[in-house]
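What follows is one structure encoded as structure tokens, with my remarks underneath.
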Amino acid sequence: MGGSSATVTLNGNQVSCPVRSGSVGPDVIDIRKLYAQTGAFTFDPGFTSTASCDSAITYIDGDEGVLLHRGYPIGQLAEHSSFMEVSYLLLNGELPSKDVLDKFSGTISRHTMLHEQLATFYRGFRRDAHPMAIMCGVVGALSAFYHDSTDITDPHQRMVASHRLIAKMPTIAAMAYKYSVGQPFLYPRNDLSYTGNFLRMTFGVPAEDYYVNPVVERALDRIFILHADHEQNASTSTVRLAGSSGANPFACIAAGIACLWGPAHGGANEAALNMLREIGTPDRIPHYIERAKNKDDPFRLMGFGHRVYKNYDPRATVMQSTVREVFEALNVSDPVFEVALQLEHMALNDPYFIEKKLFPNVDFYSGVILSAIGFPTTMFTALFALARTVGWVAQWNEMISDPEQKIGRPRQLYTGPAQRDYVPVDKR
Ligand code: CMC
């Protein structure tokens, strides 16, 4: 491979593919003309060596454990920024001035209410429905309510849809929770912060005032920042693929929510806390580590390992310190945290995990915090979806505004029968 091109030799034919460089990170070999020139496809199920797009939003260096949003390190954003500011940054590319941020936050606040008809939509679900099932359904249904922001060729409508999705997601998630516990829905309050409003809609009741604990509000806001975007992960790629056909943004985000639900992705936070509770006490950890290493046992350490990070997930570092902050503020403790700390310590000293470069990911500690705040485990992935919505809409907008955008249409290596003739049923 040369500095600016790579050569593929196939059946005696030599084809030169240009090599493109980004601002940082690995180069990519541009193989868009490969099929036309050679008649062969590349084969990369799971996309382990494939860049599906170019993007200026988020950068990850998995070996070094670096995560940047528009160039800013996640640790700095988690410490100094707010979820609203990070949302603006992801959507628009630059940090806002104070006035611009106030205006953006005000715009989001004014989109937090849901069409009243949607409340009746909830009543069609069983009370024990998983909140992610409700989220998939209700977010998809938004396309039936907000027709004035579904023309994807109009940048203004795209931005209105983006604001609506970011604004309505806390209301939708809080209502899913309220429905499951049989309490009345609470309308949003625009005098509260994005996260404070969500806490009140979730844990408040109409019968009394709700006090937003500032430490909890800050901790949850930070959790939202940590989940806001993560370049071309499975759910974001799903949103892009759905959007590449021209589908409306509400339908695309519903597709992203469906993908996020799986335990290998956003569902891992729920699975991780369930696993830690099942382990229960530190003396049982070695048994679970052995199970995770056993190839004949499907069990995996949930909240461990990552496709991109082969080092400590920088989000897990912030998460771990946030656990202590929340415990102190709420004056609570949870034996599960000790189990998590010891499990991490044992795994990081075990040759299996060292060799495979398996470290705690964002989901390992998040459940401990969310549980201390009072969320049931079934809500964890819904919170992930809430926070990731801004990343999804930023990536979707970036794709739609790209003049080179095409429908996403992977090919395959066909392994089924070659053409054969139909045999009538009485002759088989
Ligand atoms: N416990 C035990 N072994 C593991 C684990 C784990 N958590 N993760 C990976 N491995 C092993 C795996 O068995 C494989 O071994 P071998 O090479 O001998 O076959 C090797 O490590 C590589 O794993 P992989 O499944 O080929 O890697 P992947 O990049 O396809 O999968 C992953 C990444 C995140 C799906 C996987 O690490 C996993 O299942 N982790 C547990 C679920 C989890 O915590 N998911 C959250 C990811 S972060 C947040 C998000 O994306 O939503």
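First listed ligand is number 1; within each ligand, the first listed atom is number 1.
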_Residue and atom name of the nearest protein heavy atom (relative to atom 45 (N) of ligand 1), distance in Å to one decimal_ = Ala264 O, 3.0 Å
*For His230 and Thr236, what are the C-alpha separation, side-chain angles and deciding distance, and is it a side chain to side chain contact (heavy atoms under 4.5 Å, CB included)?*
CA-CA 8 Å; His230 215 224; Thr236 301; over 6 Å; no
*Any chance the rings of Phe359 and Phe353 have centres within less than 6.0 Å?*
no
_Looking only at side-chain N and O atoms, does Ser193 offer a donor or acceptor that is under 3.5 Å from a partner on Glu217?_
yes
_Check ion pair Lys310-Asp63 (N to O, under 4.0 angstrom)_ = no
*Residue, atom name and distance, where the atom is the protein heavy atom closest to atom 34 (C) of ligand 1*: Gly305 O, 3.7 Å
*Winner among Tyr309, Phe304, Tyr288 once heavy atoms are compared against atom 41 (C) of ligand 1*: Phe304
*Think Arg200 forms a cation-pi with Tyr210, using NZ or CZ under 6.0 Å from the six-ring centre and within 45 degrees of its axis?*
no
_Any non-hydrogen protein atom less than 4.0 Å away from atom 6 (C) of ligand 1_ = yes
*asked:* Within the protein, is there a heavy atom lying under 4.0 Å from atom 27 (O) of ligand 1?
replied: no
*Do any nitrogen or oxygen atoms of Gly303 come within less than 3.5 Å of a nitrogen or oxygen of ligand 1?*
yes
*Geometric class of the Phe224/Phe198 ring pair [parallel <30°, tilted 30-60°, perpendicular >60°]*: tilted
_Heavy-atom nearest option to atom 30 (O) of ligand 1, drawn from Arg307, Glu355, Arg315_ = Arg307
_Sidechain-backbone polar pair: Arg189 side chain, Asn197 backbone, donor-acceptor under 3.5 Å_ = no
*Does some non-hydrogen atom of Phe299 fall short of 4.0 Å from ligand 1?*
no
*Indicate, as side chain, backbone, both or neither, the part of Leu358 found under 4.0 angstrom from ligand 1 when only non-hydrogen atoms are considered.*
side chain
_To check your reading of the model: name the closest protein heavy atom to atom 43 (C) of ligand 1, its residue, and the distance in Å._
Ala268 CB, 3.5 Å
*Could you give the distance from CD1 (Ile74) to CZ (Arg315), rounded to the nearest 0.5 Å?*
8.0 Å
*Start with the C-alpha gap between Thr195 and Asp221, add the side-chain angles, then the distance that decides, and say whether side chain to side chain donor-acceptor pair (under 3.5 Å) holds.*
CA-CA 6 Å; Thr195 303; Asp221 200 70; 2.6 Å; yes
*Should one rank Lys295, Arg291, His230, Met275 by closest heavy-atom distance to atom 19 (O) of ligand 1, which comes out on top?*
Lys295
*Which residue supplies the protein heavy atom nearest to atom 49 (C) of ligand 1, what is that atom called, and how far is it?*
Asp363 OD2, 3.2 Å
*asked:* I need the minimum non-hydrogen distance between Ala292 and Tyr352, along with the two atoms involved.
replied: O-OH, 3.7 Å
*Please report the closest heavy-atom contact between His130 and Thr378, naming both atoms and the distance.*
CE1-O, 3.2 Å
*Given Lys356, Met302, Arg300, which has its nearest heavy atom closest to atom 24 (P) of ligand 1?*
Arg300
*asked:* Once you restrict to heavy atoms under 4.0 Å, what part of Phe364 touches ligand 1? Side chain, backbone, both or neither.
replied: neither
_Check: Leu301 N/O within less than 3.5 Å of ligand 1 N/O_ = yes
*Tell me which protein heavy atom sits closest to atom 51 (O) of ligand 1, plus the residue, atom name and distance to 0.1 Å.*
His265 ND1, 3.1 Å
*asked:* Against ligand 1, does Lys293 come closer than 4.0 Å with any heavy atom?
replied: no
*Contact between Pro263 and ligand 1, counting heavy atoms under 4.0 Å?*
yes
_Protein contact to atom 48 (S) of ligand 1 [nearest heavy atom, distance to 0.1 Å]_ = His306 CD2, 3.4 Å
*To which protein heavy atom is atom 11 (C) of ligand 1 closest, and what is the distance rounded to 0.1 Å?*
Tyr352 OH, 3.5 Å
*Check each atom of ligand 1 against the heavy atoms of Ala292 and keep those under 4.0 Å away; list them by number with element.*
2 (C)
*Considering non-hydrogen atoms only, spot the tightest contact between Phe364 and Ala340 and give its length.*
CE2-O, 3.4 Å
*Can you name the nearest heavy-atom pair linking Ser371 to Asp334, along with the distance?*
OG-OD2, 4.3 Å
*Contact with ligand 1 for Asn233, non-hydrogen, under 4.0 angstrom*: no
*asked:* Just to be sure I'm reading this right: ignoring hydrogens, which of Asn361, Val362, Asn269 gets closest to atom 47 (C) of ligand 1? Compare them by their nearest heavy atoms.
replied: Asn361
